[in-house]
*Asks:* 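Before I ask anything, let me first share the structure, which is written out below as structure tokens.
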Amino acid sequence: MSLFTPDSGLLFWMIVSFGLVFVILSKYGFPVIIKAVEERKAYIDHSLETARQANEQLAHIQAESDRILAEAKERQNAILKEALAEKEQIIDEAHRKAAAETRLQVEEAARRIREEKEKAIREVRSEIADLSIAIAEKVMKEKISRDKEQQQIIDRLLDEVSFCKS
Amino acid sequence: MTGLLKLKLKWKWIGLLLLLLCTGPAFAATGEQPAVDVQEIVFSHIQDAYTWHITEWNGKEISIPLPIIVRSREQGWAVFSSAHLHEGKSYLTYSIAQEGPYQGKVVERSQSGEEIRPLDLSLTKNVCAILISCGLLVFIVLRTANWYARHAGEVPDGFTGMMEAAIMYIQEEVIKTSIGETHYRSYSSFLLTAFFFILLNNLIGIIPVFPGGANVTGNITVTAVLAGCTFIAINLFAGKAYWKDIFWPDTPVYLKLPVPIMPFAEFLGIFTKPIALMIRLFANIMAGHSIILALTCLIFITASMGIAINAGMTVLSVFFCTFMNGMEILVAFLQAYIFTMLSANFIGQSKATHK
């Protein structure tokens with residue numbers, strides 16, 4: 001049956017045309033299309049990857065900024081605390097210094113007063129001694145004879161002097 | 001209310017259509033024509049021809065004459081139109097054999113008076129159909145490829161998008177999965193060409209008039225060339241494991257040593273695989289064409305049986321033909337897919353390294 005017998009003419013043309021089509025399409029057809037599609041796919045994949053990375057970076061940056069902010073706040077707190085402490089300390093120091101100064105001044109004043117007093121006493125004493133001598137001279141000059149009276153006067157004077165001294 | 005009216009109108013149209021369908025053949029039947037030879041009609045349609053038959057009008061055949069290219073041993077090359085050989089006429093020493101071993105083919109009457117077959121490279125109906133479909137295929141694919149050159153990095157839509165989807169589906173789901181990641185690229189062009197060649201010819205074959213109607217993929221020569229290409233693709237570049245599996249398969253030794261039963265069976269398998277491919281495609285498409293033709297002939301067979309039977313059979317025939325044409329479109333895709341997938345599978349097996 002001729003349905004099942006291959007025909008030589010058709011065979012020839014089939015081989016020629018199919019071969020030609022195959023050569024043309026395998027050179028300029030399918031590989032070009034497949035390459036283009038794959039390149040596009042790679043490009044899309046790459047873009048997606050880049051976007052993902054950018055997102056990640058963004059999240060990273062956000063976290064980083066949050067961290068930096070928190071750190072800054074912490075530092076601020078620490079600095080504030082430190083400053084406060086320092087303030088207290090300075091005030092304390094000032095107080096202490098002032099107190100010491102006052103004490104010193106008071107002490108100095110007391111010392112000076114004492115010194116003045118001693119000096120005054122010394123001056124008074126010498127004055128008294130001089131006075132006594134002067135008195136004594138006068139007494140001597142005036143009434144050497146009145147023994148009893150003299151004695152009384154001297155005693156009284158001396159008492160006065162020692163009273164003053166004490 | 002309007003729905004009912006519409007329905008009535010619809011029936012009216014269908015009735016009119018039926019009337020037209022019935023009366024045509026009925027008139028034809030009155031002309032005392034010989035009985036319809038279905039086998040003749042079917043075979044003449046599914047076989048190759050030297051003219052592209054379109055229709056018959058008032059007893060005159062309307063067809064496109066095609067060039068006949070022959071080379072006889074006595075006279076050398078001859079190129080002439082097939083119109084010269086119409087209805088048994090002869091031209092130079094050539095004529096179309098009406099009977100005998102070369103029935104339907106161009107034969108040459110030699111000087112000694114016997115019929116011999118010259119080397120026949122005529123552009124027959126199938127050859128022309130192949131040339132048309134090849135041109136169309138090249139045009140379609142190159143146009144698609146060209147689109148990418150003009151639109152780098154863009155996604156196509158419309159026809160180009162459809163082509164891309166089809167190509168990438170075959171490439172990724174059929175070729176890559178069957179042959180494997182390492183080797184599939186070198187075979188993808190052949191398999192894609194085969195797929196689209198078969199698909200396009202299947203689809204063009206369903207169209208009943210020129211440039212369709214030729215039974216290209218239902219011709220054993222065409223499928224033989226396609227299967228032959230697969231045979232070459234399988235065996236020429238096969239790996240060591242493939243040949244080892246054929247000549248020393250993993251079977252008990254007594255099946256191989258005194259009498260090499262299994263190697264023989266395996267060796268036979270080298271040829272049965274492509275032959276199965278060839279027969280499958282050929283038989284499917286040829287059968288599809290035959291069934292549609294036979295169903296169409298039903299109308300003309302029953303033309304002489306009275307209007308009632310003829311009308312009934314016409315409706316039935318149109319219904320079945322519609323169904324079969326739908327089926328054939330499915331088969332067109334299916335057979336192209338199966339051929340490609342099986343070829344890819346066989347190539348994959350030949351490339352497989354040992355498990």
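Just so we're on the same page: letters track the sequence lines, and every chain starts at 1.
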*Asks:* Can you tell whether the side chains of E38(A) and K176(B) come within less than 4.0 Å, N to carboxylate O?
*Replies:* no
*Asks:* Answer with side chain, backbone, both or neither: which region of M163(B) has an atom nearer than 4.5 Å to a non-hydrogen atom of chain A?
*Replies:* neither
*Asks:* Does any heavy atom of chain A fall under 4.5 Å from the side chain of F197(B), the backbone, both, or neither of them?
*Replies:* side chain
*Asks:* Name each donor-acceptor pair under 3.5 Å that joins a side chain in residues 78-100 of chain A to protein atoms two or more places apart or in another chain, with its distance.
*Replies:*
residue	atom	partner	partner atom	Å
E93(A)	OE1	R96(A)	NH2	2.8

*Asks:* Does any backbone or side-chain atom of I130(B) lie under 4.5 Å from a heavy atom of chain A? Answer side chain, backbone, both or neither.
*Replies:* side chain
*Asks:* Could you tell me whether H60(A) atom NE2 has more than 12 heavy atoms of other residues or ligands within 6.0 Å of it?
*Replies:* no
*Asks:* Side chains of residues 15-36 of chain A: which donor-acceptor pairs under 3.5 Å do they make with residues two or more places apart or in other chains?
*Replies:*
residue	atom	partner	partner atom	Å
S17(A)	OG	W13(A)	O	2.6
S17(A)	OG	M14(A)	O	3.4
S26(A)	OG	F22(A)	O	2.8
S26(A)	OG	V23(A)	O	3.2

*Asks:* By a 4.5 Å heavy-atom criterion (distance strictly below it), what part of F282(B) contacts chain A: side chain, backbone, both, or neither?
*Replies:*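 Side chain only.
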*Asks:* Relative to chain A, which segment of R117(B) carries a heavy atom at a distance below 4.5 Å: side chain, backbone, both, or neither?
*Replies:*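 Only the side chain of R117(B) comes within 4.5 Å of chain A.
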*Asks:* Quick check on the interface: out of A145(B), P156(B), G104(B), S188(B), who has the most heavy-atom pairs with chain A under 4.5 Å?
*Replies:*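 Maximum pair count with chain A is reached by A145(B).
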*Asks:* Check this for me, if you would: do E172(B) and K41(A) make a salt bridge, where the nitrogen-to-carboxylate-oxygen distance has to be below 4.0 angstrom?
*Replies:* no
*Asks:* Considering only heavy atoms, which portion of I167(B) lies under 4.5 Å from any heavy atom of chain A: side chain, backbone, both, or neither?
*Replies:*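 Side chain of I167(B) only, per the 4.5 Å heavy-atom cut-off to chain A.
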*Asks:* Is it true that, when you exclude R150(B) itself, more than 12 heavy atoms of the residues, nucleotides or ligands shown sit nearer than 6.0 Å to its CZ?
*Replies:*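 More than 12 within 6.0 Å, yes.
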*Asks:* Examine whether an atom of N219(B) lies under 4.5 Å from a heavy atom of chain A, and if so say whether it belongs to the side chain, the backbone or both; otherwise answer neither.
*Replies:*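 Just the side chain, heavy atoms under 4.5 Å.
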*Asks:* Kindly check if the number of other-residue, nucleotide or ligand heavy atoms within 6.0 Å of CZ (R111(A)) is above 12?
*Replies:* yes
*Asks:* Sort out for me which of L137(B), T223(B), V222(B), N126(B) touches chain A most, counting heavy-atom pairs under 4.5 Å.
*Replies:*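 When all of L137(B), T223(B), V222(B), N126(B) are compared, V222(B) has the most.
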*Asks:* Side chain, backbone, both or neither: which part of S122(B) has a non-hydrogen atom closer than 4.5 Å to chain A?
*Replies:*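 Backbone only.
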*Asks:* Tell me, for I69(B) versus chain A, whether the close heavy atoms (under 4.5 Å) come from the side chain, the backbone, both or neither.
*Replies:*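 Contact with chain A involves the side chain of I69(B) alone.
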*Asks:* Looking at S189(B), G218(B), C229(B), which makes the most heavy-atom pairs under 4.5 Å with chain A?
*Replies:*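 The residue among S189(B), G218(B), C229(B) with the greatest pair count is S189(B).
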*Asks:* For chain A, which of T124(B), L131(B), L119(B), L123(B) has the most heavy-atom pairs under 4.5 Å?
*Replies:*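 Sorted descending by pairs with chain A, the first entry is L123(B).
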*Asks:* Flag the one option from M286(B), R143(B), E154(B) with the top tally of heavy-atom pairs under 4.5 Å to chain A.
*Replies:* E154(B)
*Asks:* Which answer fits V155(B), side chain, backbone, both or neither, if we ask what part of it has an atom under 4.5 Å from a heavy atom of chain A?
*Replies:*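 V155(B) touches chain A through backbone and side-chain heavy atoms alike.
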*Asks:* Hey, is K125(B) close enough to D7(A) for a salt bridge, meaning N to O under 4.0 Å?
*Replies:*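 Salt bridge: no.
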*Asks:* More than 12 heavy atoms of other residues, nucleotides or ligands under 6.0 Å from CD of Q39(B): is that the case?
*Replies:*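 Open: at most 12 neighbouring heavy atoms sit under 6.0 Å from CD of Q39(B).
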*Asks:* Considering only heavy atoms from C-beta outward, does the side chain of V127(B) approach that of F12(A) to under 4.5 Å?
*Replies:*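 SC-SC contact between V127(B) and F12(A) ruled out.
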*Asks:* Atom CG in D120(B), atom CG in L10(A): separation rounded to 0.5 Å?
*Replies:* 10.0 Å
